[in-house]
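Heavy atoms only: backbone and side chains are in, while hydrogens, waters and symmetry mates are out.
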Amino acid sequence: MEATHALASGTSSLLVWLIALPALGATILLLAGRRSDKWGHLLATALSGASFVVGLVELFKMLSRDGETRGVSQHLFTWINAGSFNVEAGLLLDQLSICFVLLITGVGTLIHVYSIAYMEHDHDRRRFFSYLNLFIAAMLLLVLGDSFLNLYVGWEGVGLASYLLIGFWNQKPAYATAAKKAFVVNRIGDMGLSFAIMIAFTAFGTVSFQGVANHAGPEHKQIMTWMGLALLLAAAGKSAQFPLQSWLGDAMAGPTPVSALIHAATMVTAGVYLITRSNFVFDSAPTAQLMVVIVGVVTLLFGALIGTAKDDIKKALAASTMSQIGYMVLAAGLGPAGYAFAIMHLLTHGFFKASMFLGAGSVMHGMNDEVDMRKFGRLRLAMPITYITFGLGYLAIIGVPPFSGFFSKDKIIEAAFNAGGPRGWIIGFAALLGAAITAFYMTRVMVLTFFGQKRWADEAHPHESPKLMTAPIIILSIGSIAAGALFAFGSSLQHWLEPVVARGFVEGEPALQPIVVSIMALVAVALGVALAYIKYVRVPVEAVAPTNVSIWTRFARRDLLQDAFNEAVFMRPGQYLTRALSFFDRKVVDGAVNGTGALFGGLSVRVRRVQTGYVRTYALLILVGAALILAAMLAARI
Amino acid sequence: MYLSSLLLLPLIGSAVIAGLPAGRTLLAKQIALGTSVLTAILGIAMALQFDRALGTFQFVESHEWITSFGVKYGLGIDGTGLVLILMALILAPIVILASWNEGEGGRFSQKAFFALLLVLETFMVGVFAATDVFLFYVFFEAMLIPVYFLIGSFGGPNRSYAAVKFLLYSLLGGLLMLAAVIGLYVLTKNQFGAPTFDVTELSALNIDQNLQRWLFLGFFIAFAIKAPMWPLHTWLPDAASAATPGTAILLIGVLDKVGTYGMIRYCLPLFPDAAHYFAPTIVVLAVISIIYGAILAIGQKDLKRLIAFTSISHFGFIVLGIFAMTSTAGAGATLYMFNHGFSTAALFMVAGWMISRRNSSTIADFGGLQRVTPVMAWMFFLAGMSSLALPGLSSFVSEVLVLVGSYQTFPVAAIISTVAIVLAALYILIVVQRSLHGPIAPGNESLPDLTTRERVAIAPVIAIIIFLGFVPSVLLNVINPTVTHTLTQVHATEPTPTAGE
């Protein structure tokens, strides 16, 4: 057994407030109902902001301690004590979770502010804010819970918030269906979390992170492998990774601030958090790690390909999110060499993708909720702030130095090559290919929306959004510009996270020099941009999507047939099974019951017929009976 | 004398109602509500004096009854009994309040409806408090009478068929149990010299392996019909959809628990070897119930039948937890019984209100309720979330405990059963979408939202569901010693961590 250290060495009584403040907001707003319509959004925003302040206080407290003693915990109460199964309600804040706390509450509060203006004319704005607060609380619980079961509560809590927000306008049947789909697909992933909990408890008698970490090591490779695969299933569901990615595109039915916060910056990255948090599991399970890498690589290419064909600006961004999380999952699968970069990309992505989604929301706001990029064009003149901030996000995501995506993605590609052997070359080049495709589809989004000829409908009057909306975007853009450099400078984030995810890890000799990787990545990006330039700048864009396109484009437009596949393989057979079983239950199981009933019923009818009421019939029957008995007695004697 | 008082109080209330002159309907309702509230308070007072450290019977009462047969009027409760009696006592006033107008349009007067409910409450307490097998059997069969009339006289269009089906099914089970009870009588007479039906004394019996299996089956089949387990379940959807919502809550929420309670109280301690022998088979049937019930729930077009099928799935979980024979699964199963009572109550209450407003129980007739009756829609949604075991709600705790605890002894069964968490999401979210979301369906435009009386009725149910999601230890503290005691009686070895130090 390897020596493991205590995840938390001190305590803090403040942790519960991080969660309690937004949870309080959600409760008040939901119980007060319409009475809180006037001030509900302000209260929710204030409480989210207050939670951010508590997070900052914790950060400064953490900075005042050294690396090994930065983790703090808070024991709340005994949650479950059943038989031999004991789970405490406890919170854990360490270098890893503080990153998430600040991302969730920071970006979350900005998006609260943005939504005040974005949802201003919605009759149900107060309800929207209660869901947002509910989400913040659940997401904080997810990253603060100190056991797999505590995490589970937050895990499904964000799923619930996501369901409610995707279906916020559920009077539209398609939106209600999208919400349901997200919940159901997520639950498939949740089975994985259940499995992991069952395995951990049966093997180790505990489900706390510390408890399982104490057992980590090569002697439990098999248990850890199964646990790792189960956790991967959970991560795939929540983070829209192959093969559970199909819900994310439809989830864009939710209001755009939701897409920015939940389906780009925070909730969908929870799978990456789960894998990183469970580093002690994966580090003892190479097979599970390999599967993580494969899922990451497949998804990063899958998402990127879908992104090339989408005309709906939100769906293009959603495909991109899927792809970018693929990068993070890939990095997390590389173990201690990659965890820090996974988190780094997660944080930078949180900034630039949120800012781009909010930008998309700003465009929709000015364009009567139009989402078809073919109906945009030349918007840079009408919406200068949105254009500039979106452009900064664009430069960040495709990885142009010195914007933040450059640092984080570059590190992942580097780590991929360094994985060693043929595996390293395969995933390294896959990551490079992904970078090229990313550059292509993001340039396409940029060009279609802000450049070229205007292709607006006549009734559209594009205009810049109010300050309450642009201010949060501008703040996030600062993150798009500087976050990467900040985290990469002197490997600060890597060192910060090291005590949690990479204790005692020594980097080996790199397969390729960092500068070589950077140059290759930049060439890939340049190629992607150039191709998009040829296709969308040199050739005028049509306002209606062309139909005479290659079969590949058609596949990509249909999300590489993922829905068609799920429908053919799971949904339709499932519906047949349901119908067949209903028939079976009625005709066979209940049929047998009713048949027995009918049998006795029929018998009694016949028996009743014998009772004619005529004395002579009875007399005859008695005679026949007596004769039979007599005959039987005689027969028995002989 | 707590238990006898709990038995007597509703009976007195019922007698008073029966003696009221015709037409005093409101007074009858008030008396019913008052009596049940009083009984619930008495029950809670008893619970507060319960010694949580003990796993054996408390508040024991024992009087000679039929001396020649060794039958006693014997009462007493352990943790499991206490939890179930509490559930029944808390649900009774809620059901009465929720079904204030359900007695209308019945074959008998509304007075009779409430008198029958109170009689039923007495029998419910009796069946969970009896420590004498014969007394248990009497309560077990006596319960059928008020339920038969509640379904057959106050239910919907299909009530006669459903009531007779329920009665015949139950009588068949009862008959098998009676045979086993007589078998026990003969055994005790031979082994102890004098017959006895005391459950504690019976557990000391030394029963030959073959006979033990037969006696086990006699009890088990009776309980499997009651709990309803696949394939003996078909009476439940009919009964639940024909009954008034209030009756359905007591039927599924409380009466069906007699089945799973009986398994814990009689099948395990009296016939330990047979229990081990049959456990794998029963676990398979439980898993079939879990998956089968869930799939059928997905396919239902009728609101009440849907809820009935979800319960068949949930009862599968309870049985799985009982026969996994680990402390975790066992505690989970008992907690599950309590939680399922409230979860189903919430579903049936709201469904009942929806149905009475819309005059239809067909799911397709609803739509867009979230924007017509927001409070009712929220309550239905919350009840649904409880049914699909959302973390933070009580049912999550019990479901996790059953799954985790059964994985220790029956890993494959636990893994297959986990699929139900996806199926549950489907059966709940589909009905939620069809009834609450989408455009407002024709005929739903002017449905009124919940009245104050209805809000008062459902508020405690939702409060309990949320409270126990976070503080299940309140009940687990009571349940744990009893589960340990039962597992000792059945000679189960508690699994230890497979990769422990």
Side-chain angles (χ1 to χ4, degrees), chain A residues 1 30 33 77-85 89 149 152-157 160 163 167 170-173 175-177 179-180 183-184 186-188 190-191 194-195 197-199 201-207 215 219-220 223 574-575 577-579 581-582 585-586 589-590 592-594 597, chain B residues 165 168-169 231 233-235 292 295-296 298-300 326-332 335 368 370-371 374 385 390-392 397 400-401 403-405 407-408 411 414-415 418-419 421-422 425-426 429-430 433 436-439 470-473 476-477 479-480 483-484 494-500:
Chain A
M1 169 148 314
L30 284 175
F77 55 90
T78 297
W79 181 28
I80 301 178
N81 56 327
S84 49
F85 188 82
L149 202 66
Y152 201 155
V153 179
W155 188 265
E156 285 226 331
L160 171 69
Y163 168 82
N170 60 30
Q171 64 269 43
K172 296 186 189 167
Y175 289 13
T177 306
K180 181 180 69 189
F183 198 109
V184 171
N186 265 289
R187 270 241 154 168
I188 296 175
D190 294 352
M191 288 198 321
S194 295
F195 292 149
I197 288 168
M198 293 179 203
I199 296 169
F201 174 67
T202 304
F204 309 126
T206 176
V207 296
H215 291 276
E219 71 273 24
H220 293 141
I223 297 168
Q575 286 170 339
L577 177 69
T578 308
R579 250 173 277 157
L581 266 190
S582 292
D585 195 59
R586 259 198 325 275
V589 183
D590 206 26
V593 175
N594 284 335
Chain B
K165 195 170 178 180
L168 287 180
Y169 246 120
H233 64 276
T234 56
W235 65 270
Y292 188 93
I295 292 179
L296 266 116
I298 296 172
Q300 292 308 309
T326 65
S327 60
T328 306
L335 186 64
Q370 192 187 320
R371 281 167 181 80
M385 290 297 111
L390 187 81
V397 178
V400 162
L401 287 176
L403 285 174
V404 167
Y407 183 81
Q408 292 180 292
I415 287 173
T418 309
V419 174
I421 71 172
V422 179
L426 280 169
L429 294 183
I430 288 174
Q433 183 183 354
L436 309 183
H437 301 163
F470 290 94
V471 202
S473 49
L476 287 170
N477 286 335
I479 294 169
N480 280 328
V483 170
T484 316
E494 177 71 8
T496 48
T498 55

Practice problem: Search all heavy atoms of A/Gly83 against all heavy atoms of B/Ser327 and return the closest pair with its distance. | Solution: CA-OG, 3.3 Å
Quiz item: Is there side-chain contact between B/Arg371 and A/Asn170, with at least one heavy-atom pair below 4.5 Å?
Solution: yes
Practice problem: With sequence neighbours left out, write down each residue that passes side-chain hydrogen bond (donor to acceptor under 3.5 Å, both in side chains) with A/Asp190, or none if nothing qualifies. | Solution: A/Trp155
Quiz item: What is the distance from atom CG of B/Asn480 to atom OG of A/Ser84, rounded to the nearest 0.5 Å?
Solution: 9.5 Å
Quiz prompt | ring-ring contact (aromatic ring centres under 6.0 Å, His included) against B/Tyr407, all qualifying residues, sequence neighbours excluded | solution = none
Quiz item: Which residue out of A/Gln575, A/Arg586, A/Lys180 racks up the most heavy-atom pairs below 4.5 Å with chain B?
Solution: A/Lys180
Exercise. Among B/Gln408, B/Gln300, B/Met385, single out the residue with the greatest number of heavy-atom pairs under 4.5 Å to chain A.
Key: B/Gln408
Quiz item: If you count heavy-atom pairs under 4.5 Å with chain B, which of A/Thr202, A/Thr206, A/Leu577, A/Asn594 comes out on top?
Solution: A/Thr202
Exercise. Can you see which heavy atom on A/Ala82 is nearest to which on B/Thr328, and at what distance?
Key: O-OG1, 3.8 Å
Quiz item: Hey, what do you get for CG (B/Leu390) to OH (A/Tyr163), rounding to the nearest 0.5 Å?
Solution: 11.5 Å
Self-check item: Pick from A/Ile197, A/Thr177, A/Asn186, A/Ile223 with the largest number of heavy-atom pairs that fall under 4.5 Å of chain B
Solution: A/Thr177
Practice problem: Examine whether an atom of A/Phe85 lies under 4.5 Å from a heavy atom of chain B, and if so say whether it belongs to the side chain, the backbone or both; otherwise answer neither. | Solution: both
Practice problem: Under 4.5 Å heavy-atom distance to chain B, tell me which part of A/Leu30 shows up: side chain, backbone, both or neither. | Solution: side chain
Quiz item: Do the side chains of A/Ser582 and B/Leu296 get nearer than 4.5 Å, heavy atoms only?
Solution: yes
Quiz item: Between CD1 of B/Ile479 and CG of A/Asn81, what distance do you get to the nearest 0.5 Å?
Solution: 10.0 Å
Quiz prompt | Close side-chain approach of B/Lys165 and A/Asp590, heavy atoms under 4.5 Å | solution = yes
Practice problem: Can you tell which part of A/Ile188 gets under 4.5 Å to a heavy atom of chain B, answering side chain, backbone, both or neither? | Solution: both
Self-check item: Gap separating the CD atom of A/Glu156 from the CD1 atom of B/Ile421, nearest 0.5 angstrom
Solution: 6.5 Å
Practice problem: Report the option among A/Asp585, A/Val153, A/Val589, A/Thr78 that has the most heavy-atom pairs separated by less than 4.5 Å from atoms of chain B. | Solution: A/Asp585
Practice problem: Select, from B/Gly438, B/Pro411, B/Gly299, the one with the greatest count of heavy-atom pairs under 4.5 Å involving chain A. | Solution: B/Gly438
Practice problem: Pick whichever of B/Leu403, B/Ile415, B/Thr234 has the most heavy-atom pairs under 4.5 Å with chain A. | Solution: B/Thr234
Quiz item: Who wins among A/Lys172, A/Met191, A/Arg579 for the most heavy-atom pairs under 4.5 Å with chain B?
Solution: A/Met191
Quiz prompt | Least distance between heavy atoms, B/Pro497 atom then A/Phe204 atom | solution = CB-C, 3.7 Å
Quiz item: If you measure from CZ on A/Arg187 to CG on B/Leu426, what distance do you get to the nearest 0.5 Å?
Solution: 10.0 Å
Exercise. Go through the atoms of B/Val400 and report whether side chain, backbone, both or neither lie under 4.5 Å from a heavy atom of chain A.
Key: side chain
Exercise. Below 4.5 Å from any heavy atom of chain B, which atoms of A/Phe77 appear? Answer side chain, backbone, both or neither.
Key: side chain
